[in-house]
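Below you'll find the structure, written out as structure tokens, and then a few comments.
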Amino acid sequence: MSLTKLVSWNINSVRIRLPLIEQLVTAEQPDIICLQETKVRDSQFPHEAFHALGYTTRILHGQPMHHGVAILSRVPLVEDRRYDWQDNGEARHIGVRLPNGILLENVYIPAGGDIPDRDENPKFGQKLDFYERMTRWSEGLREPTIMMGDFNIAPLESDVWSHKQLLKVVSHTPVEVETMQRLRDAHDWQDIGRHFVPAPERLYTWWSYRSKDWTVGDRGRRLDHVWTSPEILPNIRSHHVLEAARSWDRPSDHIPLITEIEL
DNA sequence: ATGGTAGACTTTCTA
């Protein structure tokens, strides 16, 4: 058994954010980094920068311009599979197997557009369908698994700055919260964030760019999550979010989630 | 009152 530090971070362009990744690595020395929204095709991924930081294993699933996920690791990993839970070819998942056999799934669930209605806004339906396909997959999952990434839903009242004002805002609508709960129930997924920071304590991972000062009003949401199979929960040693990263130079609108686990 | 910012094969899409 060895203590392994995992990071999940929606980076919003891995190339623009390389100095921030170096800053995170200097401070935290994570063993494995799961990135979402890398916004780079695999042929243009900045391999050299990650190699220089010690991430000799790099498992990519990118596409031109949008979306894209990557797993960077200092320990050997084997790519397991890529799921297209949106059924449209977008690069939103990469799964690997850790040296001890545990599965690690890095997922970037669609944001779902602005209007919370399937008929008026197809993206909203695609988001719900993505969740339903993940639920079907979870129902058949029999192996210990860690799943992390940008889930684009903040389920609890204390996961958003104003429950009342966000009830009709995509990310916190009742239909989304119910859909996310069905996914949780399908594998008895354990919410590591809330295991270490129980509700109703405030816990956010994202603050919009559309504000000159993200700290004004603290209008955050918990869109990023770390979930594990129940049998893995006893191995989790710590979990926290790095809120200071939202104030770094040219920040992502999401902050890193840092989890320590005995593997 | 219905904005605002950021990034990418930028004149538009995604978030």
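Letters A, B, ... mirror the listed sequences (proteins, then strands); counts begin at 1. The figures that follow rest on heavy atoms only: side chains count, while hydrogens, waters and symmetry mates do not.
- For the 3.5 Å distance criterion, the side chains of A/Gln36 and A/Ser8 qualify, holding a donor opposite an acceptor.
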Apply salt bridge (charged side-chain N to carboxylate O under 4.0 Å, His left out) to the pair A/Arg118 and A/Asp129, showing each step before the final yes or no. CA-CA 10 Å; A/Arg118 203 180 255 284; A/Asp129 293 345; 3.0 Å; yes
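- In this structure, a donor-acceptor pair under 3.5 Å is present between the side chains of A/His67 and A/Arg92.
- Proximity note for A/His66 (side chain, C-beta onward) versus B/dA8, B/dT14, B/dT5: the nearest is B/dT14.
- Taking only distance into account, the side chain of A/Arg15 never meets the base of B/dA8 through a donor-acceptor pair shorter than 3.5 Å.
- Nucleotides B/dT14 and B/dG4, compared at atom C1', are 16 Å apart to the nearest Å.
- Listed pair A/Ser13 / B/dA8 meets the phosphate criterion, a side-chain N or O lying under 4.0 Å from OP1 or OP2.
- The shortest distance between the side-chain N/O atoms of A/Arg17 and the OP1/OP2 oxygens of B/dG7 is below 4.0 Å.
- Between B/dA15 and A/His67, a contact under 4.0 Å exists linking OP1 or OP2 to a side-chain N or O.
- In terms of the ring pair (Phe, Tyr, Trp, His ring centres under 6.0 Å) criterion, residue partners of A/His187 (sequence neighbours excluded) are, by chain and number, A/Trp189.
- Residue contacts shown for A/Arg219 are absent, as no nucleic acid heavy atom lies under 4.0 Å away.
- Every pair passing ring pair (Phe, Tyr, Trp, His ring centres under 6.0 Å) that includes a residue from residues 138-162 of chain A is listed here, sequence neighbours excluded: A/Phe151-A/His225, A/Phe151-A/Trp227.
- Residues from residues 105-114 of chain A placing a heavy atom under 4.0 Å of any atom in DNA chain B, listed by number, are A/Tyr108, A/Ala111.
- Taking only side-chain atoms of A/Met65, from C-beta outward, the nucleotide of B/dA15, B/dA6, B/dA8 with the closest atom is B/dA8.
- An OP1 or OP2 oxygen of B/dT14 is reached within less than 4.0 angstrom by a side-chain nitrogen or oxygen of A/Lys123.
- Between the side chains of A/Thr179 and A/Glu176, no donor N or O sits under 3.5 Å from an acceptor N or O.
- Straight-line distance between the C1' atoms of B/dA6 and B/dA1: roughly 23 Å, to the nearest whole Å.
- The side chain of A/Arg92 contributes an N or O atom lying less than 4.0 Å from OP1 or OP2 of B/dA15.
- Paired with A/His172 under the rule side-chain hydrogen bond (donor to acceptor under 3.5 Å, both in side chains), one option of A/Gln165, A/Glu157, A/His163, A/Arg221 passes, and it is A/His163.
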